[in-house]
Trainee: 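If you scroll down you'll find the structure; I have some questions about it.
Throughout, a chain's letter reflects where its sequence line sits, starting with A, and its residues are numbered from 1. Note that the structure is predicted; figures quoted are calculated from it, not measured.
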Amino acid sequence: MLDIKYVRAHPEVVKTSIQRRNLNAEKINVDHLLDLDTKWREAQSRANDLRGQRNELSSSIKKLAAEERKEVINKVKGIKGELTQIEKDLEDLATERDVLLRLLPNLLADDVPDGKTDEENVEVSHWGQLPTFDFEPRDHVALGEITDTIDFDRAAKVTGSNFYYLKHEAVLLEQALCSFATAHLLPEGFIPITTPDLARSEVLEGIGFAPRGPEKQVYNVEETDLSLVGTAEITVGGYHSGEIFDADTLPLSYLGFSHCFRTEAGAYGKESRGLYRVHQFTKAEMFVLCEEADSTRQHERIRAQEEALLQELGIPYRVVNVCAGDLGAPALKKYDIEAWMPGRSAYGEVTSCSNCTDYQARRLNIRYRPEPTASPKHVHMLNGTAIAISRTLIAILENFQRADGSVSIPKALHPFTAGVKEIPCRR
RNA sequence: GGAGAGAUGGCCGAGUUGGUCGAAGGCGCCUGAUUCGAAAUCAGGUGUACGGGUAACCGUACCGGGGGUUCGAAUCCCUUUCUCUCCGCCA
C-alpha cells in the first residue's frame with residue numbers, strides 16, 4: 001500500500017507507475033481516489049467540529065441543575081443526529097477510498113525497463129558456459145522417469161495434475177539444497193527460520209496477495225480465515241507485524257523455509273511441463289527488513305547471494321531486470337535469475353528478488369525508529385529466492401545429465417547427500 | 001472440544017460504583033544541573049494517527065478488533081481474535 005499523503009502530493013508519479021505497469025487505469029483510478037479522499041477529509045473536519053461541540057456540552061452537564069440539564073441533553077441529542085449521519089458517510093468514504101488505495105501498485109525504480117511482458121525483461125548479466133552434449137539431451141521429466149526420482153503419474157492418482165512425488169536421490173537433493181543454502185547464508189548473517197505453511201487473510205493482503213476472489217493464487221482452508229502460503233515471504237513478512245524496531249537492530253535478514261502452494265489458475269500452457277509450474281514445492285527464501293536508505297544496497301546484496309548459490313552449484317544463468325509490465329504490484333524493482341535448461345534449450349526462471357520498499361510494511365505496520373526519540377518510519381522489506389527446490393531440480397537434472405541417463409550431483413552438494421554423488425539410471 | 005482468567009503507552013503496570021483519564025506509578029529514552037569525566041542523585045521532557053495552522057500550537061480519534069447502551073465509555077452489554085490456567089483428547 002502506498003502512503004495516501006504521497007498520492008496526494010504526487011498523483012502523476014503514481015499514474016505513471018500504473019500506466020507503465022500496463023494496469024487498468026479505469027479500474028485503478030487515481031483521480032477518483034483523490035476525489036474520495038477530499039470528500040473524506042471534509043467529512044472528517046465536520047465530524048471533528050461536531051464531536052468537539054458534543055464533548056464540550058457533555059462535560060458541562062454534570063455541573064448543571066436538573067432543569068438546564070434536560071435542555072442541554074436535548075441539544076446534544078440534536079448534534080448526535082447529524083454526527084451519526086456524518087460518521088456513516090465518513091466510514092463509507094474511507095472504505096471506498098481504501099479499496100482503491102490498496103489497488104495502487106508500488107512506485108517504479110528509475111532503472112526499471114519499459115515493457116509489457118517477460119519478453120521485454122532486460123538481461124543485465126550472465127554467468128557460466130552453456131553445456132554441450134554429444135547426445136540428444138533429455139528433459140527433466142524424462143530424466144526423472146528413467147532415474148525413478150520424480151513420479152508425476154502416480155501423484156495424479158492422489159492429488160491430480162501438477163503434483164509429484166520425489167524419490168531416491170531427488171529427496172536427497174531436496175534436503176541437500178536446503179542444507180546447502182543454510183550453510184552458505186548463515187555466515188552472511190541470515191537467521192534460519194521455519195514458518196507455518198498457512199497464514200491469515202490479513203497477512204496475505206499485507207504482503208500483496210489476494211486471499212479470496214477471482215484473482216487469488218492461493219488455496220483457502222475451508223471454514224477458516226487461513227490460506228496455504230504461496231511463499232515464506234508471507235509468513236516471514238507477517239512475523240514482525242505491528243512491531244517497532246530500534247534502528248541498530250536493522251538490517252534483519254532471514255532465511256525462511258516453507259512449502260509453497262499455488263493454484264496456478266489459468267497458468268496452463270507453455271512452460272508448464274513437469275516441475276516448472278507445480279501446485280506445491282519447497283523453497284528457501286531470503287527476507288530482509290532494513291532502513292529506508294539501505295534498501296537499494298540490500299537488493300543488490302540479495303541478488304549477489306542468489307548468484308553465488310547458482311555459481312557454486314555450477315548452473316549457468318542470466319540475470320534480467322524485470323520490466324514494468326511484468327512486475328508484481330508490491331515491487332519497486334525486481335531481478336529474475338534464469339537458469340539454463342537444456343531440456344527446452346532456453347533459460348527458465350529459478351529465483352527472483354524484489355525490493356518492496358515500504359509497500360508491505362505499511363499494511364503490516366512494521367516500523368523502526370531512525371533515532372531513539374524520532375517518530376517511527378516504515379521499514380523497507382525485500383525478498384529473494386535462495387533455492388526453489390523444484391526449479392533447481394530441473395536445472396540440475398538437465399545440466400548434469402549424461403548420455404546413459406544418469407546424472408552427476410554438483411560437488412557443492414556432496415557434503416549434504418550422505419555420500420551419494422550421482423543419480424543412476426534405473427530403467 | 002469443555003470451564004475459568006486476562007488483553008491498557010517503547011516495556012512493566014494502576015485504573016472496572018461511567019464524566020476533571022491519553023490515562024497514576026515505575027523502567028527505558030532525551031535535555032539540563034552536579035562532575036575532570038562517569039556512576040549515583042536531582043529537575044524537566046518523552047505515544048500514535050488524522051484534520052487545521054507558516055509556526056508556537058489547536059481539534060478529533062485511539063486503552064486487542066468489531067458492534068451496542070448513554071448527553072458522555074478504558075470503565076456497562078454483546079460479539080470476535082489472541083494469551084494464560086484447569087479438564088478432556090491426541091502426535
Trainee: Going by an N to O cut-off under 4.0 Å, is there a salt bridge joining A/R262 and A/E264?
Mentor: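 Judged by the 4.0 Å cut-off on N to carboxylate O distance, A/R262 and A/E264 do not form a salt bridge.
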Trainee: Any strand counts, and the cut-off is 3.5 Å on both contacts for Watson-Crick or G-U wobble. Which nucleotide pairs with B/A7?
Mentor: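 Partner of B/A7: B/U81.
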Trainee: Taking the nucleotide of RNA chain B with the nearest heavy atom to each, does A/I4 or A/E56 sit closer to the 5' end?
Mentor: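 Nearest nucleotide further toward 5': that of A/I4.
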Trainee: Mind checking A/K5 for me? I need base, sugar-phosphate or nothing, with any heavy atom below 4.0 Å counting as a touch.
Mentor: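 Sugar-phosphate contact only.
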Trainee: Suppose you measure atom P in B/C77 against the same atom in B/G19; what distance do you get, rounded to whole Å?
Mentor: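 So the two P atoms sit 15 Å from each other.
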Trainee: Using a 4.0 Å heavy-atom cut-off, does A/R200 contact any base of the nucleic acid, only the sugar-phosphate backbone, or nothing at all?
Mentor: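 Touches sugar-phosphate only.
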Trainee: Please determine, for B/U60, whether a Watson-Crick or G-U wobble partner exists with both distances under 3.5 Å, and give it or none.
Mentor: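 Pairing partner, where one exists within any strand: B/A49.
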Trainee: Stepwise, does the side-chain contact (heavy atoms from CB on, under 4.5 Å) test hold for A/N106 with A/L2?
Mentor: CA-CA 7 Å; A/N106 204 343; A/L2 291 179; 3.9 Å; yes
Trainee: Once you round it to whole Å, what is the distance between P of B/C71 and NZ of A/K70?
Mentor: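 These atoms are roughly 11 Å apart.
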Trainee: If you look at every strand shown and take non-hydrogen atoms under 4.0 Å, does A/N55 touch a base, only sugar-phosphate, or nothing?
Mentor: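 The residue A/N55 makes sugar-phosphate contact but no base contact.
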Trainee: Under the 3.5 angstrom rule, does the side chain of A/T95 hit a backbone N or O of A/E91 as a donor-acceptor pair?
Mentor: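 Yes.
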Trainee: Write down the distance between CZ (A/R54) and C1' (B/A61), rounded to a whole number of angstrom.
Mentor: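 So the two atoms are 10 Å apart, to the nearest Å.
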Trainee: Salt bridge check, A/R297 against A/E300: does any charged N sit closer than 4.0 Å to a carboxylate O?
Mentor: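 So A/E300 does not pair with A/R297 through a salt bridge.
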Trainee: Whole Å only: how far is the CZ atom of A/R362 from the P atom of B/U48?
Mentor: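 Whole-Å distance recorded here is 17 Å.
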Trainee: For the C1' atoms, the ones on B/U8 and on B/C62, what distance do you get once it is rounded to whole angstrom?
Mentor: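 Looking at atom C1' only, B/U8 and B/C62 are 12 Å apart.
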Trainee: B/U80 P sits how many Å from A/E202 CD, rounded?
Mentor: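 Those two atoms, CD and P, are 18 Å apart.
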Trainee: Between B/U46 and B/A23, how far is it from one P atom to the other, in whole Å?
Mentor: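 Taking atom P in both B/U46 and B/A23, they lie 10 Å apart.
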Trainee: Need one value for A/R97: base, sugar-phosphate or nothing, where a base atom within 4.0 Å counts as base even if backbone is also close, heavy atoms only.
Mentor: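 Nothing: the residue A/R97, judged by heavy atoms under 4.0 Å, touches no strand.
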Trainee: Figure out the CZ/P separation between A/R8 and B/C50, and round it to whole Å.
Mentor: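 To the nearest whole Å, that distance equals 8 Å.
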Trainee: Quick check for you: among B/U48, B/C71, B/G51, whose closest atom lies nearest to any side-chain atom of A/P376?
Mentor: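 Shortest atom-to-atom distance from the side chain points to B/U48.
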Trainee: Measure the distance from NZ on A/K77 to P on B/C71 and round it to the nearest whole Å.
Mentor: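 The distance from NZ of A/K77 to P of B/C71 comes to 4 Å, rounded to the nearest Å.
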Trainee: Once you round it to whole Å, what is the distance between P of B/A61 and CZ of A/R51?
Mentor: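 The answer, rounded to whole Å, is 6 Å.
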Trainee: Any donor and acceptor pair, going by atom type alone, linking the side chain of A/R426 with main-chain N or O of A/T147 inside 3.5 Å?
Mentor: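 Answer holds: yes.
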Trainee: Can you identify which nucleotide, out of B/G72, B/G51, B/G10, has its nearest atom closest to the A/S58 side chain?
Mentor: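 Side chain of A/S58 sits closest to B/G72.
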